[in-house]
2 protein chains.
Amino acid sequence: MTKRAGKAATLADVARKAGASTAVVSYVMNNGPRPVAPETRERVLAAAAELNYRPNRVARALRSRTTGVVGLILASASNPYFGALARHIEQALDEREKLTLIGNADYSANRQQHLADRFLAAQVDGLVIVSADGAADVAVEARAAGVPTVYVHNAPESPRTGRAFAVTADNDAAVLEAVSHLRTHGHTRIAFLAGPDDAGPVGRRRAAWETALSGTASPLLRCAYSRAAASALTRQLINEDAMPSALITGSDEQAIGVLAAAHAAGVPVPGRLAVVSLDGTPDSAYTAPALTVTEQPLRSMAQQAVDLLLDGTSPRPAAQAGLVLRHSCGCSPAQQSGPVAGARDRR
Amino acid sequence: MTKRAGKAATLADVARKAGASTAVVSYVMNNGPRPVAPETRERVLAAAAELNYRPNRVARALRSRTTGVVGLILASASNPYFGALARHIEQALDEREKLTLIGNADYSANRQQHLADRFLAAQVDGLVIVSADGAADVAVEARAAGVPTVYVHNAPESPRTGRAFAVTADNDAAVLEAVSHLRTHGHTRIAFLAGPDDAGPVGRRRAAWETALSGTASPLLRCAYSRAAASALTRQLINEDAMPSALITGSDEQAIGVLAAAHAAGVPVPGRLAVVSLDGTPDSAYTAPALTVTEQPLRSMAQQAVDLLLDGTSPRPAAQAGLVLRHSCGCSPAQQSGPVAGARDRR
DNA sequence: TCTCCCTGTCTAAACGATTAGACAGTCAGC
DNA sequence: GCTGACTGTCTAATCGTTTAGACAGGGAGA
């Protein structure tokens with residue numbers, strides 16, 4: 001009855017109260033690896049309940065050399081695309097009874113390295129890395145430490161050896177779909193809004209666009225992956241009267257910034273400017289006008305990454321990015337359903 | 001040179017190589033608590049570097065009864081308001097050298113309880129709980145285990161005892177500001193879009209609205225905290241011709257849903273419908289039209305929560321929610337700056 | 001009756017760090 | 001020269017689990 005406040009009950013406390021050894025108590029708590037007589041089991045369970053016993057995962061981790069914790073390093077949690085990916089990864093890990101240690105690298109290779117170090121010191125069972133650019137391969141250390149590592153969204157540049165995988169979407173197919181759809185709307189010159197450099201998946205998207213549009217004098221634009229940067233660029237283009245008539249943005253964040261600036265300047269979308277974005281986050285369904293996007297299969301990518309991390313293999317096929325037609329491309333609102341077309345409540 | 005792959009170097013390995021005891025190695029690694037001769041320190045450091053020694057935090061945690069890990073339980077990571085809060089909390093913890101274990105309760109009291117249990121088993125040094133409604137007080141267990149707990153955004157209903165704090169924003173002031181601003185635009189009947197019930201901060205906001213608008217026959221609307229729900233409700237109101245002329249939304253998510261549906265139905269905002277939202281997430285600056293909001297001081301709330309958690313007290317004053325004028329309220333685009341007014345790149 | 005195997009239990013050795021206690025040597029003050 | 005205070009180091013206990021090894025008792029099969 002009297003519960004000593006400062007002290008949590010331990011295995012030994014339970015054993016004492018149940019009149020058994022710590023070994024049997026452990027066998028009961030873990031259902032094994034040795035059998036326990038039903039009557040003893042009852043006594044142990046009763047004692048544990050009475051003492052409000054909660055196994056100390058730290059001690060277990062030390063002994064069994066596995067913590068049940070996975071580290072997740074995000075390029076940036078501010079970007080909803082990465083945020084959504086993180087959510088799905090956390091969920092997939094939770095379903096596998098893993099806890100998620102999260103960290104924000106803020107697009108900095110240094111911070112990414114720093115976080116990886118701290119996570120490895122914390123003895124994580126695995127590392128999931130969502131990086132935006134081809135930063136130095138963090139996984140080499142993880143591999144040296146025998147910690148499996150999976151890259152999501154962006155594969156590291158260095159050749160992988162040992163147990164490090166990457167789950168990426170098919171960027172080429174997404175770009176081709178976007179281009180051919182804009183062509184059905186009559187566009188022949190289609191601009192592309194890329195990131196500040198060509199590292200990472202957006203760089204590959206840009207390359208695919210370049211191939212598809214070669215010889216058409218379609219302009220290449222660049223700005224940081226933020227709404228603010230895209231807005232500023234758009235305002236500038238409008239002022240200089242250099243606005244293209246069709247634009248593919250490398251990320252939703254940029255598309256949303258473009259839309260906001262166009263709206264503020266009274267530039268009609270899609271009338272004067274048709275936009276297709278390549279991420280397809282939930283946000284994209286609620287812009288005005290609603291964005292046409294190629295939706296990245298974030299959930300299935302997350303699922304696959306976790307399978308790869310924990311099993312070394314994934315039973316599920318890689319899902320395809322799919323074109324979701326809304327209004328920013330020029331498709332008529334009438335032929336589409338409401339503003340939530342293509343939006344789902346996730347989780 | 002030959003690095004044994006499967007095995008990480010331990011304190012004992014370093015001690016052996018340096019010709020010292022594990023105690024001195026520990027003293028060197030932690031700068032204390034006993035002094036070490038400079039020459040010995042050198043030898044130890046050299047050995048550690050050569051073996052690529054990384055202290056095992058799990059072992060340290062077991063012995064020193066502190067893990068350096070804090071658990072963060074989110075009502076929903078899908079909601080950008082909570083997402084932003086989580087980012088700031090993680091950042092504040094990182095600055096204090098703490099790791100963040102994250103979990104998503106998905107608006108379920110059961111899952112919240114489940115996560116708290118798992119985090120406590122993992123021996124977290126503290127718990128930060130961001131819940132949306134007044135669910136049962138999870139902190140009682142944490143307190144029993146001697147783990148400090150802080151609620152952010154929403155205070156638990158049960159009276160707090162022991163070491164459990166809550167950091168909340170001043171909802172009344174925010175609502176009053178929103179109401180009086182809409183009145184300057186000539187509105188007298190101002191609807192309020194609340195959540196499905198009156199639990200949590202949005203419930204308090206609703207109460208403040210009710211007090212301020214009593215006797216004006218301003219309609220109370222309700223829907224779930226999601227864009228989809230708010231969009232559906234808005235479509236319905238438009239179809240039934242029951243749209244109010246001014247609306248305060250309890251959350252940005254709902255406001256964005258309202259805006260999307262209004263845009264799709266051709267209802268002009270703010271012309272036919274003026275909107276003010278009460279969260280003020282970064283998203284709100286990039287809607288069309290840009291949302292006028294009362295901006296919650298998320299960053300300072302996060303900072304304060306972390307101070308409270310780790311120090312039991314916070315030196316910083318509670319920041320106030322501030323009205324950010326954009327266009328959805330009826331303020332003219334001309335008198336405001338671009339679409340990014342009030343938006344900052346965070347972190 | 002004598003093995004052999006099973007079941008159920010206990011004892012004790014890990015896991016890798018932290019740190020109190022013991023102790024040897026040095027040096028200052030008397 | 002003796003005492004006491006430091007300095008620098010080592011030995012070993014400890015944190016709370018897991019689990020291999022030992023062992024007792026009880027059939028089953030010969």
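Letters A, B, ... are given to chains in the order of the sequence lines, protein chains preceding strands, and every chain is numbered from 1.
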Can you list the residues that meet the salt bridge (Lys or Arg N to Asp or Glu O under 4.0 Å) rule with B:Arg63, with sequence neighbours excluded? none

Between B:Ala9 and A:Arg41, name the one whose nearest nucleotide on DNA chain C is closer to the 5' end. A:Arg41

Between B:Thr168 (side chain) and B:Ala155 (backbone), is there a donor-acceptor pair under 3.5 Å? no

Please list all pairs meeting salt bridge (charged side-chain N to carboxylate O under 4.0 Å, His left out) that have one or both residues in residues 15-41 of chain B, counting only residues at least two apart or in different chains. B:Asp13-B:Arg16, B:Lys17-B:Glu50, B:Glu39-B:Arg43

Can you pull the ring pair (Phe, Tyr, Trp, His ring centres under 6.0 Å) pairs that have at least one residue in residues 46-82 of chain A, sequence neighbours excluded? A:Tyr81-A:His153, A:Phe82-A:His153

When you list every nucleotide of DNA chain D with an atom under 4.0 Å from a heavy atom of chain B, which one comes first 5' to 3', and which comes last? D:dG8 to D:dG16

Dot-bracket for DNA chain C: what is it, with Watson-Crick or G-U pairs under 3.5 Å, [ ] where a pair crosses earlier ones, and | for a pair to another strand? ||||||||||||||||||||||||||||||

Whether A:Ser26 side chain and A:Thr22 backbone form a donor-acceptor pair below 3.5 Å: no

So B:Ala23, base contact, sugar-phosphate only, or nothing? Heavy-atom distance under 4.0 Å. base

Please report the C-alpha distance between B:Val70 and B:Val124 in whole Å, then the side-chain angles of each, then the deciding distance to 0.1 Å, and finally whether the side-chain contact (heavy atoms from CB on, under 4.5 Å) criterion is met. CA-CA 5 Å; B:Val70 169; B:Val124 292; 5.8 Å; no

B:Leu11 CG to C:dT19 P, in whole Å, measures 12 Å

Rounded off to whole Å, could you give me the CD-to-P distance for the A:Glu39 and C:dT7 pair? 18 Å

Give a yes/no on whether any side-chain N or O of B:Tyr53 is located under 4.0 angstrom from OP1 or OP2 of C:dA17. yes

How do A:Arg54 and B:Thr40 order along DNA chain D: which one's closest nucleotide is nearer the 5' end? B:Thr40

Identify, between A:Thr22 and A:Pro38, the residue whose nearest nucleotide on DNA chain C lies closer to the 5' end. A:Pro38

Value rounded to 0.5 Å, distance of CG in A:Asn104 from CG in A:Leu115: 8.0 Å

Can you see which heavy atom on A:Leu101 is nearest to which on A:Ala122, and at what distance? CD2-CB, 4.3 Å

Without swapping roles, check the side chain of A:Thr100 against the backbone of A:Lys98 for a donor-acceptor pair under 3.5 Å. no

I'd like to know if A:Arg96 pairs up with A:Asp125 as an ion pair, taking the criterion as any Lys NZ or Arg NE/NH1/NH2 lying under 4.0 Å from an Asp or Glu carboxylate oxygen. no

Any residue in residues 56-66 of chain A with a heavy atom nearer than 4.0 angstrom to DNA chain C? Just list them by number, or reply none. A:Leu62, A:Arg63, A:Arg65

Could you check whether B:Ser26 gets within reach of a base, just the sugar-phosphate, or nothing at all, counting any heavy atom under 4.0 Å? base

Can you check whether B:Val69 reaches A:Val69 side chain to side chain, under 4.5 Å on heavy atoms? no

